[in-house]
Amino acid sequence: MDLNYSAEEAAFRDEVRGWLEANLSRDLRDKMTNYAELTKEDLLGWHRTLATRGWVAPDWPKEWGGTDWTVVERYIFEEECGYVGAPPLIPFGLRMCAPVLFRFGTDAQKQRFLPRIYRGDDFWCQGYSEPGSGSDLASLKTRAVRQGDHYVVTGQKIWTTLAHHADWIFCLVRTDASGKRQDGISFLLVDMRSPGITVRPIILMDGGHDVNEVFFDDVKVPAENLVHEEGKGWTVAKYLLGHERMGTGRIGQSKRELAQLKELAARQTKDGRPLLEDTRFADRLTRVEVELMALEITNLRFLDQLRGGRPPGAEVSMLKIKGTEIQQALTELMMQAAGPFAQAFRPVDNMDFDHFTARLAARYCNMRKTSIYAGSNEIQRNIIAKATLGL
Ligand SMILES: Cc1cc2nc3c(=O)[nH]c(=O)nc-3n(C[C@H](O)[C@H](O)[C@H](O)COP(=O)(O)OP(=O)(O)OC[C@H]3O[C@@H](n4cnc5c(N)ncnc54)[C@H](O)[C@@H]3O)c2cc1C
């Protein structure tokens, strides 16, 4: 196994680094590193910048705009973007709906939706979860009844991230309630401007508006928006979830936050000495740093397997668990390092100290979500137990 970058890979990293340096505005980078809320324009603006460069969808097939990078180059690109503080690319269109369309979509669906997703013309969201149907997703109840050339959809989705920005939603709906639960589920693409859709915000404990409830009240959806066959939506849903979990490790971002944490801990003092030199604090920080290094090596190990043509399996769950635990641990240490400066429960911009520390409490609260979304970490542990222990 070779975990070192080749000369070509190192040259590629330098190219990406140089391009990011030249194209990511200071304003956007500051917003990211100070944990400010990003607007729809911020998110789409960065998407379009990358699309213009041809780098917005590296893992798509080349004829649709993919870069043909190796898995290692893809990893380098993501890590550099995370490290420099580039805004996240919203995954719902690029990394969830698109792979599904490549695998299961008709030619007409591909032609209609993929170029718009690539360019950032449409903003997508994910309509899987419902009240009472999160981990137990197959129990979902939102109904779609076929009437001639369309379906009539009735029901409710919840925790729908960024639905308030969305033009389209991909939904799991129940088209048959008679047999095995999984067999009665279908996958529909729904225009968010359709009459009968209501989006209601859910404000989370950090005061931010990321998630929503989405209500469907006799919404008419053209039958041509059904992906794959009716009743085969569960196959589509599972395929999509594998792609969703690939993107949750966020190693580059954690590396940047670790560096920020060290800077903060060097500035703060305890008993007249930098906090960074405090034995107990240094011990906790070092443990997270070691975990992060171990995650990176593990990730590279999996990439080496992929390079050899072995598809990923339950490893994706391991990356999700460790990656999100590290993200949460970093926010805990930042709160500890900032001490009373992190007491503002909601971000306050005109306070006497810097914006970064003023947003830490909100950030800490917000990051509790990472062990819940994309399949909770308990569910990921179940997956690993089944795959490796045969339980
Ligand atoms: C910030 C945020 C954004 C989200 N965005 C979206 C989105 O855009 N679209 C979307 O469709 N969904 C979204 N979700 C929903 C997310 O997928 C669900 O919250 C998640 O799957 C858990 O489901 P639940 O909330 O119903 O909790 P439950 O399934 O009720 O789980 C409650 C607790 O029980 C545990 N548990 C449940 N079953 C088991 C089991 N079998 N073994 C062990 N432990 C178990 C869980 O781990 C959890 O701790 C989002 C959630 C959050 C927090």
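Remember, it's 1-based here, ligands and their atoms both numbered in the order they're listed. Everything numeric in this text was worked out from a predicted model, so none of it was measured.
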ask   = Would you call K31 and T39 a side-chain contact if the rule is heavy atoms closer than 4.5 Å?
value = yes
What residue and atom, counting heavy atoms only, is the protein's closest point to [atom], and at what distance?
atom	result
atom 15 (C) of ligand 1	S129 OG, 3.1 Å
atom 2 (C) of ligand 1	V211 CG1, 3.9 Å
atom 52 (C) of ligand 1	Y373 CB, 4.0 Å
atom 29 (O) of ligand 1	S135 OG, 2.6 Å
atom 26 (O) of ligand 1	G134 CA, 3.3 Å
atom 9 (N) of ligand 1	Q126 O, 2.8 Å

inquiry  = Quick check: T161 and ligand 1, any N/O pair under 3.5 Å apart?
reply    =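 It does: an N or O of T161 is found under 3.5 Å from an N or O of ligand 1.
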May I ask you to check whether [Y] and [X] place their ring centres under 6.0 Å from each other?
X	Y	answer
F12	W69	yes
F113	W168	yes
F77	W55	yes

request  = Can you sort out which atoms of ligand 1 are near N382, meaning under 4.0 Å from one of its heavy atoms?
outcome  = 40 (C), 41 (N), 42 (N), 43 (C)
message = When you measure from atom 33 (C) of ligand 1 to the protein, is at least one non-hydrogen atom found at a distance under 4.0 Å?
response =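 Given the 4.0 Å cut-off, atom 33 (C) of ligand 1 does not count as touching protein heavy atoms.
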key: Carboxylate-amine/guanidinium contact R53 E15, below 4.0 Å   = yes
query = Side chains of T331 and R368: donor-acceptor distance under 3.5 Å anywhere?
reply =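 Distance-only check passes for T331 and R368.
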Which part of [X] is near ligand 1, with near meaning a heavy atom under 4.0 Å away: side chain, backbone, both or neither?
X	value
S376	side chain
D210	neither
I372	both
I379	side chain

ask   = Do the side chain of R174 and the main chain of L140 share a donor and acceptor less than 3.5 angstrom apart?
value =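 Yes, the answer is positive, given that a donor and an acceptor are paired below the 3.5 Å cut-off.
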message = As a check for students: among Y128, W159, W124, F92, identify the option with a heavy atom nearest to atom 4 (C) of ligand 1.
response = W159
query = Taking the minimum heavy-atom distance to atom 47 (O) of ligand 1, which of M96, R381, K369, E378 ranks first?
reply =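 Ranked by closest heavy atom to atom 47 (O) of ligand 1, first place is E378.
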request  = Assign the ring pair W19 / W46 to parallel, tilted or perpendicular, where the plane angle (0 to 90°) is split at 30° and 60°.
outcome  = tilted
task = If the plane angle is over 60° it's perpendicular, under 30° parallel, otherwise tilted; pick one for F187 and F170.
result =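 Aromatic pair F187/F170 classed parallel.
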Interatomic distance, L28 atom CG to E41 atom CD [nearest 0.5 angstrom] = 12.0 Å
